Amino acid sequence: MAVGGYHRLDRFIAANSKWSRRDVRLLLGQRRLWVNGAPATDINQLVGPFDRIELDGQLLQDLQPIYLALHKPAGIVSATSDAEHRTVLDLLRESLAVDQQPLSAVELQQLHIVGRLDKQSTGLLLLTNDSRWSASLMAPESKVSKVYLVTLENPVSQDYVAAFAAGMYFPFEDITTQPARLEILSEHQVRVTLTEGRYHQIKRMFGRFRNPVLRLHRIAIGDWQLDGLPEGQWRRIQP
Ligand code: URA
């Protein structure tokens, strides 16, 4: 079974070459199958998306992991394609990284978004081709914090702090939100730290107080911050 993009070597070969699973033992015996620069020895070996795999000197797979931080402007949708609106992928396609290192068309095609932002929300968005990394960041049990600056139409009070910390029941999903931290910065501005990412979570939580969100800006996801990245620009990061 494939777990997080990992496959047994014999299954990978059957799916990606003219050889069947039964042939793989023979290929190993004849040292024709190489993984990460060394002859493979075990058909049960698990290979992942970033292992370099060669058969008879031909590359079957050679993918490099990509990790990006983007400062998303308002008005751009967190999607890889959209018939009507400009997407974050369009933005990456049209702009160079802050270090001027471009992404190739092939690299762009591989990317997916780690935790979306609504169209009008701004701030830190992570993108990758490493689904294990994105799954571990987004898994509720990982409790990775996401920090938002929120500007509200109406003044906030201390009641909000307790309500966010207690969690709110969302009948549509039948869940209670994880304890969230709300810090009051001024009458109309707060910092909210979530450890999960439910659909429109922040807007819905302030909706309980009938207090519309005017501006929502994400400043951090786990250890990653915007760190002065200008709006509309992106950089490669180390996971
Ligand atoms: N919560 C929202 O409501 N919107 C976002 O973009 C992110 C979190």
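Each ligand, and each atom within it, is numbered from 1 in the order the structure gives. What you see is a predicted model; the values in this text were computed from it and never measured.
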Legend entry - Residue pairs fulfilling side-chain hydrogen bond (donor to acceptor under 3.5 Å, both in side chains) with at least one residue in residues 51-60, sequence neighbours excluded: R32-D56, N36-D51, R52-D62
Name the atoms and distances for all side-chain donor-acceptor pairs under 3.5 Å in residues 156-172, with sequence neighbours left out.
unit_1: S157; atom_1: OG; unit_2: D159; atom_2: N; d: 3.4
unit_1: Y160; atom_1: OH; unit_2: N211; atom_2: ND2; d: 3.0
unit_1: Y169; atom_1: OH; unit_2: D174; atom_2: OD1; d: 2.6

Inset, instruction - Could you tell me which residues satisfy salt bridge (charged side-chain N to carboxylate O under 4.0 Å, His left out) with K119, sequence neighbours excluded, listed by chain and number? - result: none
Legend entry - Sub-4.5 Å side-chain heavy-atom contact between R218 and L125: yes
Which N/O atoms of ligand 1 sit under 3.5 Å from a protein N/O, and at what distances?
unit_1: ligand 1; atom_1: 1 (N); unit_2: I202; atom_2: N; d: 3.2
unit_1: ligand 1; atom_1: 3 (O); unit_2: H200; atom_2: O; d: 3.3
unit_1: ligand 1; atom_1: 3 (O); unit_2: I202; atom_2: N; d: 3.3
unit_1: ligand 1; atom_1: 3 (O); unit_2: K203; atom_2: N; d: 3.1
unit_1: ligand 1; atom_1: 4 (N); unit_2: D118; atom_2: OD2; d: 2.7
unit_1: ligand 1; atom_1: 6 (O); unit_2: D118; atom_2: N; d: 2.8
unit_1: ligand 1; atom_1: 6 (O); unit_2: S121; atom_2: OG; d: 2.9

Inset, instruction - Can you see which heavy atom on A74 is nearest to which on Q120, and at what distance? - result: CB-OE1, 3.5 Å
Legend entry - Cationic N near anionic O, under 4.0 Å, R181 to E183: yes
